[in-house]
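Accompanying notes for the structure given below.
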There are 2 protein chains.
Amino acid sequence: MTRYSISELANYFNVTTRTIRYYEEIGLLKPERNDSGYRQFTKKEVTQLQLIFRGKKYGFNLDEIKEMVLLFDEDPTGHEQLKRTIEYGEGKISEVDQRIHELQVMKGEMESLMQVFYDELNQLEEDEL
Amino acid sequence: MTRYSISELANYFNVTTRTIRYYEEIGLLKPERNDSGYRQFTKKEVTQLQLIFRGKKYGFNLDEIKEMVLLFDEDPTGHEQLKRTIEYGEGKISEVDQRIHELQVMKGEMESLMQVFYDELNQLEEDEL
DNA sequence: ATTGAGCTTCACGTTAACGTCAATGTTAAA
DNA sequence: TTTAACATTGACGTTAACGTGAAGCTCAAT
């Protein structure tokens, strides 16, 4: 299993090492350590960091992201636990869906605001003839 | 023309008056004042606040939002100015579009992560037979 | 005319999400 | 074996986006 150092990941994700340490501080990551205390990151942490940065980019704060990461981290064994996990996950997915829809509304509004400028430009260019 | 007080708007948008004053502080709003210095909000500020809160909700910070508000505030008279405004606006719209696409990717990823749980649940329920 | 709710401007406090030293330990290469 | 580039843990600093008084003005209602 390939292991990564903290600066390798920081480089890959284009953030500082402080950022990654901070994510461990608040419980978003729990990388293994080697004998001298160095963090050893694996594919698992890479996946988690991907989720974190995608989430951040789109308005979720680290507390919300933490919930998602923990959701897909622990394996929910047992019927009831599994069903609750699925319910929670579906809730999060529909939150994302909601954001998509509102962004589409926003895009539409911006486009109709732009229409005013397009009309104005056309008018100006017709006048030039 | 209907005028609104600061607390009427704060109530309507479900924020504090401090928030609205802060938006004026950083130049997002420039409401008129009456003789005694009270802020007088009109339909224009309501529209701007709608844009602000929608933007905030979806990951734009107040500096980015300020650019958008100013874009749709001043009327860009003159051919060159108008063309630059349109170009800028189109840029902003494609930024929004980009966010929509990435959110869709995120949704897809979450759904495929959920699939694992669905499969597991099915397995559990088959075992019960 | 007074009271209470609402407005004003300072101006300092707070929280999230890191930035930025400092002091020290580790490791790979020359 | 020493040097340079890495790592570690404190711990204080910073910025955005407000929160929270304080001190005083205004307005509507009693």
Side-chain angles (χ1 to χ4, degrees), chain A residues 1-42 45-46 48-70 95 99 106, chain B residues 1-42 45-46 48-70 95 99 106:
Chain A
M1 184 75 141
T2 320
R3 309 265 148 168
Y4 309 94
S5 75
I6 190 165
S7 61
E8 280 174 335
L9 286 197
N11 251 300
Y12 177 74
F13 286 111
N14 216 33
V15 297
T16 69
T17 58
R18 177 66 176 102
T19 299
I20 296 181
R21 286 200 193 94
Y22 177 69
Y23 291 163
E24 182 177 1
E25 255 182 70
I26 63 173
L28 272 173
L29 303 170
K30 291 192 201 301
E32 303 288 303
R33 305 296 186 111
N34 67 12
D35 289 355
S36 48
Y38 280 31
R39 291 172 182 81
Q40 306 272 256
F41 297 91
T42 72
E45 280 81 31
V46 173
Q48 289 177 330
L49 284 170
Q50 259 151 4
L51 222 167
I52 292 168
F53 293 123
R54 202 180 297 283
K56 280 216 54 183
K57 205 167 177 182
Y58 302 103
F60 296 95
N61 65 34
L62 291 182
D63 268 13
E64 295 171 299
I65 292 172
K66 188 174 179 179
E67 290 183 335
M68 298 194 218
V69 170
L70 294 185
E95 273 180 38
R99 294 196 185 213
M106 185 168 171
Chain B
M1 186 75 142
T2 319
R3 308 266 149 167
Y4 309 94
S5 76
I6 190 168
S7 61
E8 280 173 335
L9 286 197
N11 252 298
Y12 177 74
F13 285 110
N14 215 34
V15 297
T16 68
T17 58
R18 177 68 175 100
T19 299
I20 297 181
R21 287 199 193 93
Y22 177 69
Y23 291 163
E24 182 177 0
E25 256 183 70
I26 63 173
L28 272 174
L29 303 170
K30 290 192 201 303
E32 303 287 303
R33 305 296 185 109
N34 68 11
D35 289 356
S36 48
Y38 281 32
R39 290 173 181 80
Q40 306 270 253
F41 297 90
T42 73
E45 279 81 32
V46 172
Q48 289 177 329
L49 283 170
Q50 260 152 3
L51 222 166
I52 292 169
F53 293 123
R54 201 180 298 281
K56 279 215 55 183
K57 204 167 178 181
Y58 301 102
F60 296 95
N61 65 33
L62 292 182
D63 268 13
E64 296 172 300
I65 293 172
K66 187 174 178 179
E67 290 184 335
M68 297 193 218
V69 169
L70 294 185
E95 273 181 38
R99 293 195 188 216
M106 183 167 171

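In what follows, every chain begins at residue 1, and chains take the letters A, B, ... in the order their sequences are listed. Worth saying up front: this structure is predicted, and the values here are computed from it rather than measured.
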Tell me which donor-acceptor pairs under 3.5 Å the side chains of residues 26-34 of chain A have, and how far apart each pair is, sequence neighbours excluded?
| unit_1 | atom_1 | unit_2 | atom_2 | d |
| --- | --- | --- | --- | --- |
| R33(A) | NH1 | G37(A) | O | 2.9 |
| R33(A) | NH2 | E24(A) | OE2 | 3.1 |
| N34(A) | OD1 | S36(A) | N | 3.0 |
| N34(A) | OD1 | S36(A) | OG | 3.1 |
| N34(A) | OD1 | G37(A) | N | 3.1 |
| N34(A) | OD1 | Y38(A) | N | 2.9 |

Spacing of L9(A) atom CG relative to dC6(D) atom C1', expressed in whole Å: 15 Å
Once you round to the nearest 0.5 Å, how far does OG1 of T19(B) lie from CG of N14(B)? 10.5 Å
Does T17(B) place a side-chain N or O at less than 4.0 Å from the phosphate oxygens OP1/OP2 of dC7(C)? no
Output the rounded distance in Å from CD1 (I20(A)) to P (dG19(C)). 11 Å
Could you tell me whether the side chain of F41(B) reaches within less than 4.5 Å of the side chain of V46(B), counting heavy atoms only? no
E8(A) has an atom CD; how far is it from atom C1' of dA7(D), in whole Å? 12 Å
Can you list everything that forms a side chain to side chain contact (heavy atoms under 4.5 Å, CB included) with T42(A)? Sequence neighbours excluded, please. M1(A), R3(A), K44(A), E45(A)
Distance check needed: dA5(D) P versus I6(A) CD1, whole Å only. 19 Å
Under the ring pair (Phe, Tyr, Trp, His ring centres under 6.0 Å) rule, collect the residues that match up with Y12(A), sequence neighbours excluded. none
Between protein and nucleotides 23-27 of chain D, what N or O pairs are separated by less than 3.5 Å?
| unit_1 | atom_1 | unit_2 | atom_2 | d |
| --- | --- | --- | --- | --- |
| dT26(D) | O4' | Y38(B) | OH | 3.2 |
| dC27(D) | OP1 | S36(B) | OG | 2.9 |

What residue pairs, at least two apart or across chains, pass salt bridge (charged side-chain N to carboxylate O under 4.0 Å, His left out) with a residue in residues 7-23 of chain B? R18(B)-E25(B)
Do the non-hydrogen side-chain atoms of E95(B) and F60(B) ever get within less than 4.5 Å of each other? yes
d(CZ, F53(B); C1', dC18(D)) in whole Å: 12 Å
Test side chain to side chain contact (heavy atoms under 4.5 Å, CB included) applied to N61(A) - qualifying residues, sequence neighbours left out: D63(A), E64(A)
Does R21(B) put a side-chain nitrogen or oxygen below 4.0 Å from OP1 or OP2 of dG6(C)? no
Return the set of residues passing ring pair (Phe, Tyr, Trp, His ring centres under 6.0 Å) with Y22(B) (not counting sequence neighbours), or none when no residue passes. none
Under 4.0 Å between a side-chain N/O of S5(B) and OP1 or OP2 of dC7(C), yes or no? yes
Mind checking if R39(B) touches a base, just sugar-phosphate, or nothing, with heavy atoms under 4.0 Å? sugar-phosphate
Scan nucleotides 15-18 of chain C against the protein and return all N/O pairs shorter than 3.5 Å with their distances rounded to 0.1 Å.
| unit_1 | atom_1 | unit_2 | atom_2 | d |
| --- | --- | --- | --- | --- |
| dA17(C) | OP1 | L62(A) | N | 3.2 |
| dC18(C) | OP2 | Y23(A) | OH | 2.7 |
| dC18(C) | OP2 | K56(A) | NZ | 3.0 |

